[in-house]
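Notes for the one structure printed next.
Throughout, protein chains are lettered first and strands after them, A, B, ... in sequence-line order, and every chain is numbered starting at 1. Since we're looking at a predicted model, the values are computed, not measured.
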2 protein chains.
Amino acid sequence: MKGRDGRADGAREPTVPASNAGRRPTMEDVAARVGVSRALVSVVFRGAPGASARTRERVLAAAEEIGYRPDLAARTLASSRSRVLGVMLTLHNTFHADLVEAMYAEAEEVGYDLVLSAHAPTRHSEKAVGALLGHRCDALVLLGPETGAHFLADLVERVPVVSVGRRFPGTRVDTVTTAEGPAVRQALNHLRDLGHRDIAHLDGGGGAGSDERRRSYRDWMRRVGLADHVRVLPGDHTEASGAEAAHRLLAGGRVPTALFAGNDRSAIGFLDAITRAGVRVPEDISLVGYDDIPLAGLAHIQLTTVRQDSAGLAREAVRLAIERLEKPSPAPRSSVLEPELVVRGTTAAPRAGGND
Amino acid sequence: MKGRDGRADGAREPTVPASNAGRRPTMEDVAARVGVSRALVSVVFRGAPGASARTRERVLAAAEEIGYRPDLAARTLASSRSRVLGVMLTLHNTFHADLVEAMYAEAEEVGYDLVLSAHAPTRHSEKAVGALLGHRCDALVLLGPETGAHFLADLVERVPVVSVGRRFPGTRVDTVTTAEGPAVRQALNHLRDLGHRDIAHLDGGGGAGSDERRRSYRDWMRRVGLADHVRVLPGDHTEASGAEAAHRLLAGGRVPTALFAGNDRSAIGFLDAITRAGVRVPEDISLVGYDDIPLAGLAHIQLTTVRQDSAGLAREAVRLAIERLEKPSPAPRSSVLEPELVVRGTTAAPRAGGND
DNA sequence: GTGAAAGCGCTAACAG
DNA sequence: CTGTTAGCGCTTTCAC
């Protein structure tokens, strides 16, 4: 009575009668149990009008009892709309984790489900997107996509696409981004207010938003008369690149009094490496990140950073996707959210004798 | 000619003839293009025998041209098997990210696809699992599930379930874990070999593997005659709990010469907090983590840790799931993988005058 | 509120 | 290798 499921010990599993074991309950089963038609059950589960409150209750209760869940595959096949949003993300990016969590809440509110597909070094975006397409998602939300504009331009002909964090001018891709210009300016103004002039930028390479951040940095430096202090250190959006930049900076001799990093991951890599090399932050060098990932707020990291409104980005991404589904508009839309500088412990007045 | 899709500018989109815009290509379309039957196309896409190599090529080529992908919903509905594995993970856990990446590769090899569903503070495991069920996954792989054994016992009656990192004795859930006992002993032996006696353990709370690690720590301490040094600091598997533990330790006055943390996240939180408080690692205190997450190997974190074989865990998880699908065996199986101590920079001989 | 009927895109089994 | 025939579980439409 241990290997196979004993009929006798039914006390523990009211939801799965042994007789049904193996077969997934269908709408038919629910209908039979309540004594109504299958069509009515369908109405109830779609939330469509045409069933009394009492019927709804009874149907839902019966479904619960026998452990029925609507079969997405069947529903999708029949309705041509799956009510599923496909999300492509980078698993190692905890900012994406924040975004997705918020999107779950947002999507649920409008009756949508999310399916996640990861982009990774061993799994190209094309493959991740392909999987989403196979699942017949109604629309795609791509987080910081690093695909070519060409690929996206083709993709968006087949399914609504919204890109978070990266713009694709010239395509019909909807985008939701943080206002990069203001974000960068807030960070740099903060440093200048503290007295910094020798401010370097740790580049984000091919990462989402990098181009805009780099450009905004250069513009700002020129505008405030610090053109000769412009220094862009090569990097990308990983911790390793931050640590490497610290090394190179130390080896090169000329250390700026402040560094504006392309994102929090690289900032944290930099912070760690430079600290262990004996350079104090913020006493010897100030550091500003970008994103405000969970790690940044840790009691003793306390990274000053530009916070992206992840909840807002998530909300807008879902909203844009759904809206385009409901009433397709020809022109691409974009939603831009305001950033917020979060001043914590990695920024302070420049050290005496900085390279001014 | 900019809003709606101009028929004329077809040069850029050979894959999506304007005439078909909006409609997703079907098997029928592919068949018609090649001049074969729909059934043959099906054979080709299932990799079933019955089509010549040349036909396969032509079919695949035609599919590529018109941008055809098999519709998972339809396939699932028709075949009762979806060839999709559902994976529940915690998005903020980068160890899970490693696991999932490896699982993608593993699953692809055996012709399976993965669908991801996240467990998060605002999204209970039950909901995450429910979504997976709705997608009709053939089997479920749960990463470090924190669900009740009761829930899982019910779940496994409906679908094959494999749990990674946590055992569920008494249920039919298959499990794949790291050999916790040996792992803990390797870490502690290393510390003892360095000369440590005052070794504390930062607990993992409700996290996967915590019970075994705590127990193994206690056992080992007793066995080597350090019973009176046993100290378990409360915590969980987050960075914040590590930082908090550092605070309490400092406030408490009696700082051990070494700390064995429940996982890397808490170890890194601890490392950061204690370092900034002026305590040097490893000169003043040695630190060992658990998992070997990507951050641990960062040039300047260099956390000594017990490496879990993420690729191996992933491989076994997929293998167990698939095997149970092919030939259901009544008894639950479990696969235990060997850990590997990775000695990096956070461990050294104890400071002079440690609380011996 | 009900029941019947058609069909979503595919698989599976079979006779040719 | 081809073509046919049934469904898979649901939505949708329509008359009742």
Side-chain angles (χ1 to χ4, degrees), chain A residues 20 22-60 63 66-84 111 113 133-138 158-159, chain B residues 20 22-60 62-63 66-84 111 113 133-138 158:
Chain A
N20 273 348
R23 201 173 70 71
R24 176 187 174 115
T26 75
M27 242 177 201
E28 193 73 57
D29 300 328
V30 179
R33 202 162 216 279
V34 184
V36 298
S37 68
R38 178 187 51 258
L40 225 210
V41 178
S42 172
V43 162
V44 170
F45 271 93
R46 278 177 291 150
S52 67
R54 218 181 82 74
T55 308
R56 259 171 224 289
E57 259 175 38
R58 289 173 55 215
V59 167
L60 259 12
I66 64 176
Y68 168 80
R69 321 186 98 267
D71 182 327
L72 273 190
R75 164 175 292 187
T76 297
L77 197 51
S79 71
S80 79
R81 283 189 55 173
S82 60
R83 296 196 78 83
V84 168
D113 197 12
L133 250 24
H135 281 287
R136 255 186 175 223
C137 300
D138 286 342
R158 319 167 109 261
V159 59
Chain B
N20 272 348
R23 199 174 70 73
R24 178 187 172 114
T26 76
M27 243 177 201
E28 193 71 58
D29 300 327
V30 179
R33 201 160 217 279
V34 184
V36 298
S37 67
R38 176 187 51 257
L40 224 209
V41 177
S42 171
V43 162
V44 170
F45 271 93
R46 278 177 290 150
S52 67
R54 217 181 84 74
T55 308
R56 260 173 224 287
E57 257 175 39
R58 290 174 54 214
V59 167
L60 261 11
I66 64 176
Y68 168 80
R69 322 188 95 263
D71 183 327
L72 274 190
R75 163 176 293 186
T76 297
L77 196 52
S79 70
S80 80
R81 283 188 55 172
S82 61
R83 296 195 80 82
V84 167
D113 197 12
L133 249 25
H135 282 287
R136 256 187 172 218
C137 300
D138 287 341
R158 317 168 109 262

Reading DNA chain D from 5' onward, which residue's closest nucleotide shows up sooner: B:Gly50 or B:Ala74?
B:Gly50

Which listed nucleotide (C:dG3, D:dT12, D:dC10) is nearest to the side chain of A:Ser37?
C:dG3

What contact category does A:Ala51 fall into here, base, sugar-phosphate, or nothing, at under 4.0 angstrom with non-hydrogen atoms?
sugar-phosphate

Quick check: closest heavy atoms across A:Ala51 and A:Leu40, and the distance to 0.1 Å?
CB-CD2, 3.6 Å

Quick check on D:dT12: is either OP1 or OP2 less than 4.0 Å from any side-chain nitrogen or oxygen of A:Arg46?
yes

With sugar-phosphate meaning primed atoms plus P, OP1 and OP2, does B:Ser80 contact a base, only sugar-phosphate, or nothing at under 4.0 Å between heavy atoms?
nothing

Close N/O contacts between protein and nucleotides 14-16 of chain C (under 3.5 Å):
none

Compare side-chain N and O positions of B:Ser42 against OP1 and OP2 of C:dC10 and report whether any pair is under 4.0 Å apart.
no

Please give, in whole Å, the distance from D:dT11 P to A:Arg83 CZ?
11 Å

In whole Å, I'd like the distance from the CE atom of A:Met27 to the P atom of C:dT2.
14 Å

Using a cut-off of 4.0 Å on non-hydrogen atoms, how would the nucleic acid contact of B:Val36 be classed: base, sugar-phosphate, or nothing?
sugar-phosphate

Roughly how many Å is it from CG in B:Asp29 to P in C:dG9, rounded to a whole number?
9 Å

Between C:dC8 atom P and B:Glu28 atom CD, what is the distance in whole Å?
11 Å

Could you give the CG-to-P distance, from A:Asp71 to C:dC10, as a whole number of Å?
17 Å

Check for a donor-acceptor pair, side chain of A:Arg81 on one end and backbone N or O of A:Thr76 on the other, with a separation under 3.5 Å.
no

Which part of the nucleic acid does B:Thr76 contact within heavy-atom distance under 4.0 Å: base, sugar-phosphate only, or nothing?
nothing

Per atom distances to the B:Arg38 side chain, the nearest of C:dC8, C:dA12, D:dT5 is D:dT5

Nearest-angstrom distance from the residue atom CD1 of B:Ile66 to P of C:dG9:
13 Å

Interatomic distance, A:Tyr68 OH vs D:dG9 P [rounded to whole Å]
10 Å

Between P on C:dC8 and CG on B:Leu72, what's the gap in Å once rounded to a whole number?
19 Å

Least distance between heavy atoms, B:His135 atom then A:Val84 atom
CE1-CG2, 4.1 Å

B:Gly50 versus B:Val43, closest heavy-atom pair with distance
C-CG1, 4.2 Å

Minimum heavy-atom separation for B:Ala62 and B:Val30, please, with both atom names.
CB-CG1, 4.3 Å

First locate atom OH of A:Tyr68, then atom CZ of A:Arg33, and finally report the distance between them rounded to the nearest 0.5 Å.
14.5 Å

What does B:Arg136 touch in the nucleic acid at a heavy-atom separation under 4.0 angstrom: a base, only the sugar-phosphate, or nothing?
sugar-phosphate

Would you say B:Arg38 and B:Ser42 are linked by a side-chain donor-acceptor pair, where the criterion is simply a distance under 3.5 Å?
no

Regarding A:Arg83 and A:Asp113, does a basic nitrogen lie under 4.0 Å from an acidic carboxylate oxygen?
no

Closest approach to the side chain of B:Leu77, judged atom by atom: which nucleotide of D:dG9, C:dC8, C:dC10 is it?
D:dG9

Assuming nearest nucleotide by heavy-atom distance, tell me which of A:Ser79 and A:Ala39 is located more 5' along DNA chain C.
A:Ala39

Nearest-nucleotide pick for B:Leu40, side chain only, options being C:dT2, D:dG9, D:dT2
D:dT2

